[in-house]
Amino acid sequence: MNLTLRVWRQSGPSDDGRMVTYQVEDVSPDMSFLEMLDVLNERLILEGDDPIAFDHDCREGICGMCGMVINGVAHGEQRATTTCQLHMRHFEDGATITIEPWRAAPFPVVKDLVVDRSAFDRIIQAGGFVSVPAGSAPDAHSIPVRKEDADDAFDAATCIGCGACVAACPNGSASLFTAAKITHLSLLPQGQPERVSRAKAMVDQMDAEGFGGCTNTGECTAVCPKGIPLDTIAQMNSDYLKANGK
Amino acid sequence: MNHTQGPDIRDTKAPSGPIEERWEKRKFSARLVNPANKRKLHVIVVGTGLAGGSAAATLGELGYNVTSFCYQDSPRRAHSIAAQGGINAAKNYRGDGDSIHRLFYDTVKGGDFRARESNVYRLAQVSVNIIDQAVAQGVPFAREYGGLLDTRSFGGAQVSRTFYARGQTGQQLLLGAYQALERQVAAGTVTMHTRHEMLDLIVSDGRARGVIVRDMVTGEIERHVADAVVLATGGYGNVFFLSTNAKGCNTTAIWRAHERGAYFANPCYTQIHPTCIPVSGEYQSKLTLMSESLRNDGRVWVPLRKNDSRAPGDIPEQERDYYLERIYPAFGNLVPRDIASRAAKNVCDEGRGVGPGGLGVYLDFRDAIGRLGRDAVEKKYGNLFEMYERITGENPYDVPMRIYPAVHYTMGGLWVDYDLQSTIPGLFVIGEANFSDHGANRLGASALMQGLADGYFVLPTTIGDYLADGPYGDVDEEAVAEAEVKVRDKIERLLSVNGTRTPDSFHRELGKLMWDYCGMERTEESLRKALERIPELREEFWRDIKVTGTAEKLNQVLEKAGRVADFFDLAELMCLDALVRTESCGGHFRAESQDSDGEALRDDERFAHVSAWERTPGGPVLHKEPLEYEYVKMTQRSYK
Ligand SMILES: Cc1cc2nc3c(=O)[nH]c(=O)nc-3n(C[C@H](O)[C@H](O)[C@H](O)COP(=O)(O)OP(=O)(O)OC[C@H]3O[C@@H](n4cnc5c(N)ncnc54)[C@H](O)[C@@H]3O)c2cc1C
Ligand code: SF4
Ligand code: FES
């Protein structure tokens, strides 16, 4: 297949970016989206151009490092799929594809498609953990956990921290990401002692980072590669209200 | 490449006495650091995977002053995140006959008698605490209806001791360690530097005292000094270009430490994983693993006849060869990885492989779906099936998966003693980056166990004994400056060649060469060829590499070129090690050394040792660490 790519190029955080058009030929439908970009980049290097910078590592949809807005949709149109898991067989021969970085004020562009998502780490620092130093844990079977709770906690815990939810949200909210962690830990007995203080600290940090508020548009869950459900946000709000009610 | 032989390594610092008591003994003899002094002791931890993340968090909890580095934009993204199948622990929650001793026994045997008994026993002992720790952190392991933890069985074991979190065990365990780490960042005990790549080790007065790193965003070269350095930088499987490792996995940190004097042990021990999605084309950038847990319910087969091009569904039962079940009736589809991989290669070499190029075998769930129902299979493996379909466009509920072996894990790594300290005092190495516990073959679900054992429990104790003599005072300014200049020079050199080939094109060529000559099967001839070809290719690299851009900015081409340069040097040592070890053992299969059934044939007389390589100006020097087996009788492995 032959494709036209329109790609956001920005040489550094303080430079103005612009869309640049590239033609790519002989794309195999079995290629992944990132492999298609690899091929283009190899060519750019040989032509002495700066290749397109993008983040990636596992290329298996689990590290959360990759992420691009493809034709206006975070991670592209295929549902529940990270950019690295997207394959070219889902595109038409001759298509024009636009590729842009996540756009949100708390995620400044580093270069081209690479953004700074360290705000997510700071939200976790605020309280996304159980305070249990190594060596202090009781036997794993001392507290049974209902299978349903364990499964639901797992579902929330599968968030890969990619930031697509933020990129898709018209308000630039990080609610889905934050709620996923709060929900994961609040469903488990181990997460109970810090449940309320955790929700408060994490939500406050999210606000301090400059992420917008949630107005329930649901755009986040629609693009989330792990299908984190919207009702985690209700769980977060309820824990948060308890903190403020005290 | 010529080498010489140096003195044997006789003392690994393991305590003597009954094996059950050795770790207890070491814990007691390790000196403690006064809590008031801990803050003054500075430890650098490079890497935030299961090993580095858990170590940095734990050292922070203990009150040390920790600085941590990773090359990704967040510590949560370390390659450990991708581990799918599970983690072993000798909990014996099922009462199926498991015990610390059995996990120890299985690991020593699975490693084909090339691991140290003392280390493996400790690993089995500590495994139990890991599960407790992870559960307390909120790791959502799979559970049964009664609320207790579920387990499954993995290759090389006849008990069910593998704990798992659907197909995302590594992710959940790493997030547990990451969250503990971020908690320490918030507490001020750990300073985290993301998007920083370690490019050299600072050795001052014979001790590891710091690292030179490059800030990958600004290009700045920074020096960080400390009282001890811990490397937890993962494995080097990407020397083969195509592997199941994340794209950024590299050997740079351990290789440059090797250049500074740390011995490199068993570099040739590579694990080829039997169940990966086959290569689909020239552009292929990595290979995707299908968890070994699939072998619990999937049956591996190829057509009986050669070049049988019928669709799998059209091949009747009696014309299928379930070769693992046929050759290894006792373990069937659950034989250890090295055996399953080689068996797949053999049937493909016979011309019975399936899919493009005949490089694939079927992994079939038809019977499991018939027996358990589609829902049950989906519950167990749903996300793996989805992943397969996404990549290949085929639905494994209807058509059997096609799989082929791929490079997956490296048992070799920097040599460490019982305390996990390398031959450079003050340099500790943990996780996949060291060589310690898996011998010549790692069992499934044992890497996560080892990484977390090292990071949460072993290192925090043993490093204390070293730090008890600290703080170590000023660092020799000249040593720091020399390391910094060396790093700058290398970068300068890479940028100045301005040739005609990209880093990836060299990497692909090197990888292909390694796969062909130092892959699943090695011969004296293939290895000699590789040792001739690698220096030529390296020379071409330094003459013809093209790196665009500058050093003062984010430059992914430059990063890649630096890693490929180190892979060349490592590849050479791997081939030399493989050449010198004329026996077959575990993942290292020398075609000249096999029994009449084509199984790996060890030569315990000559090779019951660890090969620890020292790098000297006069060339590589081989030091042997003899291995002794007091508790597990050395036998030829049999899974029949
Ligand atoms: C697809 C896959 C599935 C697997 N499944 C299982 C399983 O089910 N069970 C099991 O037990 N094992 C499994 N393994 C093996 C296991 O995941 C790894 O061996 C283990 O996670 C390695 O952990 P680590 O902490 O040693 O290193 P890693 O997790 O690789 O972490 C390395 C760290 O070092 C950093 N780093 C590397 N180089 C540098 C540098 N130069 N400068 C700065 N930082 C650097 C990285 O940023 C990263 O933080 C699997 C492996 C793969 C590839
Ligand atoms: S909630 Fe979904 S979209 Fe948001 S960071 Fe997590 S995985 Fe990505
Ligand atoms: S590269 Fe890891 S999720 Fe895409």
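What you see below is based on every heavy atom in this structure, not just the backbone, and it leaves out hydrogens, waters and symmetry mates. Reminder, nothing fancy here: chain letters follow the sequence lines and each chain counts from 1.
Only the backbone of A/I52 comes within contact range of chain B, judged by heavy atoms closer than 4.5 Å. Within the 4.5 angstrom heavy-atom criterion, atoms from both the backbone and the side chain of A/R59 approach chain B. If you measure heavy-atom distances from B/E61 to chain A, the contacts under 4.5 Å come from the side chain alone. Both the backbone and the side chain of A/V145 come within less than 4.5 Å of a heavy atom of chain B. Interface residue A/L46: backbone and side-chain heavy atoms are both found under 4.5 Å from chain B. For chain B, no part of A/L86 is nearby; none of its heavy atoms comes within less than 4.5 Å. Contact of A/H184 with chain B is made through the side chain alone, with heavy-atom distances under 4.5 Å. Heavy atoms of B/L287 lying under 4.5 Å from chain A belong exclusively to its backbone. For chain A, the nearby part of B/Q172 is the side chain; its heavy atoms alone come within less than 4.5 Å. Contact annotation for A/D149: neither backbone nor side-chain heavy atoms come within less than 4.5 Å of a heavy atom of chain B. Using a 4.5 Å cut-off between heavy atoms, B/Q72 contacts chain A through both its backbone and its side chain. Neither the backbone nor the side chain of A/S142 comes within less than 4.5 Å of any heavy atom of chain B. Proximity to chain A involves both the backbone and the side chain of B/R166, based on heavy atoms less than 4.5 angstrom apart. Using a 4.5 Å cut-off between heavy atoms, A/H141 touches chain B through backbone and side chain atoms alike. Using a 4.5 Å cut-off between heavy atoms, B/Q133 contacts chain A through both its backbone and its side chain. Neither the backbone nor the side chain of B/E559 comes within contact range of chain A; no heavy atom of the residue lies under 4.5 Å from a heavy atom of that chain. Only the side chain of B/L175 comes within contact range of chain A, with at least one heavy atom under 4.5 Å from a heavy atom of that chain. For B/T392, the part sitting under 4.5 Å from any heavy atom of chain A is the backbone (N, CA, C, O) and nothing else. Both the backbone and the side chain of A/I45 come within contact range of chain B, judged by heavy atoms closer than 4.5 Å. Interface remark: A/V114 contributes side-chain atoms only to the contact with chain B (heavy atom separation under 4.5 Å).
With hydrogens and angles left out, the side-chain atoms of A/Q235 and A/T183 include no donor and acceptor closer than 3.5 Å. A donor and an acceptor atom, one from each side chain of A/E25 and A/N2, are nowhere located under 3.5 Å apart. Defined by atom type and a distance below 3.5 Å, a donor-acceptor pair is missing between the side-chain atoms of A/Q125 and A/R122. Side chains of B/T151 and B/R94: a donor on one and an acceptor on the other come within 3.5 Å. Defined by atom type and a distance below 3.5 Å, a donor-acceptor pair is missing between the side-chain atoms of B/N250 and B/Y71. Between the side chains of B/T194 and B/D73, no donor-acceptor pair is found at a separation under 3.5 Å. With hydrogens and angles left out, the side-chain atoms of A/S131 and A/E194 include a donor and acceptor closer than 3.5 Å. Side-chain contact check for B/H507 and B/K560: at least one donor-acceptor pair (N or O, by modelled atom type) lies under 3.5 Å. Judged by distance alone, the side chains of B/Q168 and B/N383 do bring a donor and an acceptor atom under 3.5 Å apart. Side-chain contact check for B/K546 and B/N498: at least one donor-acceptor pair (N or O, by modelled atom type) lies under 3.5 Å. Residues B/Y178 and B/R183 have side chains that never bring a donor and an acceptor to within less than 3.5 angstrom of each other. At a cut-off of 3.5 Å, with distance as the only test, a side-chain donor of A/D139 or B/Y93 sits close to an acceptor on the other residue.
Counting heavy-atom pairs closer than 4.5 Å to chain B, the top residue among A/D57, A/D151, A/V115, A/L187 is A/D57. Note: A/G135 leads A/A156, A/G135, A/A153 in heavy-atom pairs under 4.5 Å with chain B. Between chain B and the residues A/A157, A/A150, A/A126, the largest count of heavy-atom pairs under 4.5 Å involves A/A157.
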Item to check | Check against side chain to side chain donor-acceptor pair (under 3.5 Å), B/T502 and B/D504 | outcome: CA-CA 5 Å; B/T502 63; B/D504 261 9; over 6 Å; no
Checklist entry - Would B/F141 and B/I87 satisfy side-chain contact (heavy atoms from CB on, under 4.5 Å), going step by step from the backbone distance to the final call? => result CA-CA 10 Å; B/F141 283 119; B/I87 177 166; 4.1 Å; yes
Item to check | Candidate pair B/I391 and B/M387, rule side-chain contact (heavy atoms from CB on, under 4.5 Å), full reasoning | outcome: CA-CA 6 Å; B/I391 295 174; B/M387 185 193 270; 4.2 Å; yes
Item to check | Worked check of salt bridge (Lys or Arg N to Asp or Glu O under 4.0 Å) between B/R76 and B/E182 | outcome: CA-CA 10 Å; B/R76 67 180 289 152; B/E182 293 296 0; over 6 Å; no
Next on the checklist: For A/K147 and B/D150: C-alpha separation, side-chain torsions, deciding distance, then whether salt bridge (Lys or Arg N to Asp or Glu O under 4.0 Å) applies.
Outcome noted: CA-CA 10 Å; A/K147 179 170 167 48; B/D150 194 11; over 6 Å; no
Next on the checklist: Evaluate A/D55 against A/K111 for salt bridge (Lys or Arg N to Asp or Glu O under 4.0 Å), listing each step before the verdict.
Outcome noted: CA-CA 10 Å; A/D55 266 332; A/K111 184 180 177 184; over 6 Å; no
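Inspection of non-hydrogen atoms places A/D38, A/V39, A/E42 of residues 36-44 of chain A under 4.5 Å from chain B. Residues of residues 276-285 of chain B lying within less than 4.5 angstrom of chain A, judged on heavy atoms, are B/S280, B/Y283, B/Q284, B/S285 in numerical order. Residues of residues 26-34 of chain A that come within less than 4.5 angstrom of chain B, heavy atom to heavy atom, are A/S28, A/D30, A/M31 in numerical order. Residue-level contacts of residues 76-85 of chain A with chain B, in order of numbering, are A/A80, A/T81, A/Q85; threshold 4.5 Å between heavy atoms.
A donor-acceptor pair under 3.5 Å links the side-chain atoms of B/N555 to the main chain of B/T548, judged by distance alone. Counting only distance, with no hydrogens or angles, the side chain of B/T169 and the backbone of B/A165 share a donor-acceptor pair below 3.5 Å.
For the pair A/K181/A/F129, no side-chain contact is recorded, criterion being any heavy-atom separation below 4.5 Å from C-beta on.
Taking the six-membered ring for Trp and the full ring otherwise, the centers of A/F177 and A/F120 sit less than 6.0 Å from each other. Ring centers of B/F241 and B/F506: at least 6.0 Å apart, outside the cut-off.
Residue-environment remark: CD (A/E92) stays at or below the threshold of 12 foreign heavy atoms within 6.0 Å.
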